[in-house]
Amino acid sequence: MSTQLFSLAGKTALVTGSSRGLGFAIAEGLAAAGARLVINGVDAARLDAAAAALRAKGYTVDAHAFDVCDEAAVVAAFEQLDAAGIAVDILVNNAGVQFRKPMVDLATEDWQRVIDTNLTSAFVVGREAARRMIPRGHGKIINIGSLTSELARATVAPYTVAKGGIKMLTRAMTAEWASHNIQANAIGPGYMLTDMNQALIDNPSFDAWVKGRTPAGRWGKPEELIGTAVFLASGASNYVSGQIIFVDGGMVSVL
Ligand code: GCO
């Protein structure tokens, strides 16, 4: 099989929330497969450091600091890309936050913030990207879900609901955009070694639970998402849409 099938040469990928963690790993992997990068985050200094690290590896990187929850900022960012002649071929909706608290103690404003960041932003950024992909006749959208797109855990209700919504938003995008040759799919990471999970990693009983509950017997590494991301971003997946691929060491498949 030709490796060209998985090449992203000549393509531009926008990865939201890519100054660190899963987003940074996915962005680096897409660049290694040939993509030009547009990276994003809310912290300009952290984003510039990420851009410098990626450029040091020879990748072509534009950095756009904006809050995916700020619709006006998202629209302005796409207008800046338009003006610069940068067409987004691949969108990775990765930006997200976690907030752990039992629902009986959860303030509605905290619920809403997680839903807005993890789900609504994927709709808004996806809509702006699709408005440009449709006339060009092609596009790839990769929404970052979670094993919590499928399974619930106590104390992370808004995250779980948002990630469940990501799974169905991916199908809704397919329903409306597959006819325009836009493939929308999702990746469902399992328990990954990221800053967002550091409190869990450092908790000996939670660490033991993850290792016991995960058939692979370990936490996942962010770079272990790259292969699935490149597949879904490439011509190898032109007839795949509406799917969520769990990269979770087998957790959602086994009791
Ligand atoms: C938690 C974790 C999970 C992780 C996991 C699923 O508190 O249970 O933050 O929600 O994000 O990697 O994607």
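Remember, it's 1-based here, ligands and their atoms both numbered in the order they're listed. Residue indices begin at 1 and follow the sequence shown.
Proximity of Pro222 to Leu22: side-chain heavy atoms (C-beta onward) are separated by under 4.5 Å at one or more points.
Of the options Asn197, Val247, Val156, the smallest heavy-atom separation from atom 4 (C) of ligand 1 is shown by Asn197.
Taking a cut-off of under 4.0 Å to the non-hydrogen atoms of Arg100, the atoms of ligand 1 that pass are 1 (C), 2 (C), 7 (O), 9 (O).
Of all protein heavy atoms, the one closest to atom 11 (O) of ligand 1 is Tyr159 OH, 3.1 Å. Tyr191 CE2, 3.6 Å is the protein heavy atom nearest to atom 3 (C) of ligand 1. Closest to atom 13 (O) of ligand 1 among all protein heavy atoms lies Ser146 OG, 2.6 Å.
Between Pro189 and ligand 1, at least one pair of N/O atoms sits closer than 3.5 Å. When only interatomic distances are considered, the shortest N/O to N/O separation between Gly190 and ligand 1 falls below 3.5 Å.
Contacts between Lys163 and ligand 1 below 4.0 angstrom, taking non-hydrogen atoms only, are absent altogether. At a heavy-atom cutoff of 4.0 Å, ligand 1 is contacted by the side chain of Leu200 but not by its backbone.
Transitive grouping of hydrophobic side chains (ILVMFWY, heavy atoms separated by less than 4.5 Å) keeps Met103 and Val161 in distinct clusters.
In this structure, a donor-acceptor pair under 3.5 Å is present between the side chains of Asn238 and Lys140.
Using the six-membered ring where Trp is involved, Tyr191 and Trp219 have ring planes that are perpendicular, over 60° apart on the 30 and 60° scheme.
Of all heavy-atom pairs between Asp48 and Ala63, the closest is OD1-CB, 4.4 Å.
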